[in-house]
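Note on naming: letters A, B, ... go to the chains in the order of the sequence lines (proteins, then strands), and numbering restarts at 1 for each one.
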Amino acid sequence: MVSAPRLQRSFFARPAVTLARELLGTRLVCIEKGRRLSGLIIETEAYSGEDDLGCHARVGRTARTEVMYGPPGHAYVYFTYGMHWCLNFVVESEGFPAAVLIRAIDPVEGWDVIASRRDGVARDHWTDGPAKLTKALNIDKTLNGADLCCPTADLFVESGIQIPDASIITGPRVGLFNVPEPWKSIPWRFRVAPGWLIATKELMLG
DNA sequence: AGCACGATTAACT
DNA sequence: GTTAATCGTGCTC
């Protein structure tokens, strides 16, 4: 598998909603003991600013949200429901808290490692949730704040395949039960339509 | 020091 | 469709 160019900091220095869309089809890569584990990003959500009452930064600057206020192109990894880690990319500009949650990937490299971490789970469900993909790639708090754009990073994003607008489904963000409108329903969730990848990725990835 | 809640998941019925 | 698991975070006392 040939590596594609890594996404640079300028890529991440754009609005969260734009990036949630643009990140679909890019490749999330972890280097683990010199080995590449990767998958195409197929589902994301945008969280932007203290005014966004669905965003963790609604409470302002705290130890937890500090990373979101830092420069773009870093990882924001948070813990939830007492047992799960979720991965976000810090976006927009330094001083403004915004991030894109990575909700699902389609595994490309490191199938054996991913399978072992998702033992007993059907392949279609290895990485189809935000806490499933972190488990599969062994992402936890040690990667919170990690720079995705540093040349020696072992967590980064590569350019991938283009997804046509017609094959992208948008909708409300998931799990915001007690969040008031309009934030509860604003369509900042983006995902690749189910059949599109099946028909296309093998042609493009070989 | 204590409390309610959560950007979830898997195993149930 | 329902629910338990499980603990960091932010807020209140």
- Is there a donor-acceptor contact under 3.5 Å from the side chain of A/R118 to the main chain of A/H125? yes

- Message: Rounded to whole Å, how long is the line connecting atom CG of A/N88 with atom P of B/dT8?
- Response: 11 Å

- Note on the structure: Reading nucleotides 6-11 of chain C from 5' to 3' and marking B where a protein heavy atom lies under 4.0 Å of the base, S where only the sugar-phosphate is that close, and - otherwise, the string is BBSSSS

- Note on the structure: Connected to A/V29, directly or through other members, by ILVMFWY side-chain contacts below 4.5 Å are A/I31, A/F156

- Quick one: hydrophobic cluster around A/M83, which other residues, with the 4.5 Å side-chain cut-off, linked directly or via members? none

- Task: Drop me the distance from A/E50's CD to A/M68's CE, to the nearest 0.5 angstrom.
- Result: 9.5 Å

Only distances under 3.5 Å count here; give the side-chain donor-acceptor pairs of residues 59-67 of chain A to other protein atoms, sequence neighbours excluded, each with its distance to 0.1 Å.
{"unit_1": "A/R61", "atom_1": "NH1", "unit_2": "A/E66", "atom_2": "OE2", "d": "2.7"}
{"unit_1": "A/T62", "atom_1": "OG1", "unit_2": "A/R64", "atom_2": "N", "d": "3.3"}
{"unit_1": "A/T62", "atom_1": "OG1", "unit_2": "A/T65", "atom_2": "N", "d": "3.3"}
{"unit_1": "A/T62", "atom_1": "OG1", "unit_2": "A/T65", "atom_2": "OG1", "d": "3.3"}
{"unit_1": "A/T65", "atom_1": "OG1", "unit_2": "A/G60", "atom_2": "O", "d": "2.7"}
{"unit_1": "A/T65", "atom_1": "OG1", "unit_2": "A/T62", "atom_2": "N", "d": "2.8"}

- Query: For A/T44, which of A/V17, A/V192, A/L24 qualifies under side chain to side chain contact (heavy atoms under 4.5 Å, CB included)?
  - Reply: A/L24

- Message: Going by centres under 5.5 angstrom and planes under 30 degrees, do the aromatic ring of A/Y78 and the base ring of B/dA7 stack?
- Response: no

- Taking side-chain hydrogen bond (donor to acceptor under 3.5 Å, both in side chains) as the test, write out the residues that go with A/K132, two or more places apart. A/D128

- Query: In chain order, what residues pass the side-chain hydrogen bond (donor to acceptor under 3.5 Å, both in side chains) check against A/T26, with sequence neighbours excluded?
  - Reply: none

- Task: Identify, with sequence neighbours excluded, every residue that meets ring pair (Phe, Tyr, Trp, His ring centres under 6.0 Å) alongside A/F12.
- Result: A/F89

- Query: Sub-3.5 Å donor-acceptor pair from the side chain of A/S116 to the main-chain atoms of A/V113, do we have one?
  - Reply: yes

- Message: For A/F79, give me all partners under ring pair (Phe, Tyr, Trp, His ring centres under 6.0 Å), at least two apart in sequence or on another chain.
- Response: A/W85

So which protein nitrogen or oxygen atoms get under 3.5 Å of nucleotides 10-13 of chain B's nitrogens or oxygens?
{"unit_1": "B/dA10", "atom_1": "OP1", "unit_2": "A/R118", "atom_2": "NH1", "d": "2.9"}
{"unit_1": "B/dA10", "atom_1": "OP1", "unit_2": "A/R118", "atom_2": "NH2", "d": "2.8"}
{"unit_1": "B/dA10", "atom_1": "OP2", "unit_2": "A/K132", "atom_2": "NZ", "d": "3.3"}

- Message: So, using side-chain hydrogen bond (donor to acceptor under 3.5 Å, both in side chains) as the criterion, who are the partners of A/R123 when residues are at least two apart?
- Response: none

- Item | Check ion pair A/E45-A/R173 (N to O, under 4.0 angstrom) | no

- Strand contacts (DNA chain C) in residues 175-193 of chain A, 4.0 angstrom heavy-atom criterion: none

- Whole-Å gap separating P (B/dA7) and CE (A/M68): 10 Å

- Item | Pair pattern of DNA chain B in dot-bracket, where unpaired bases get dots and | marks partners in another strand, Watson-Crick or G-U under 3.5 angstrom | ||||||.|||||.

- Query: What's the CG-C1' distance between A/L101 and B/dA7, to the nearest Å?
  - Reply: 5 Å

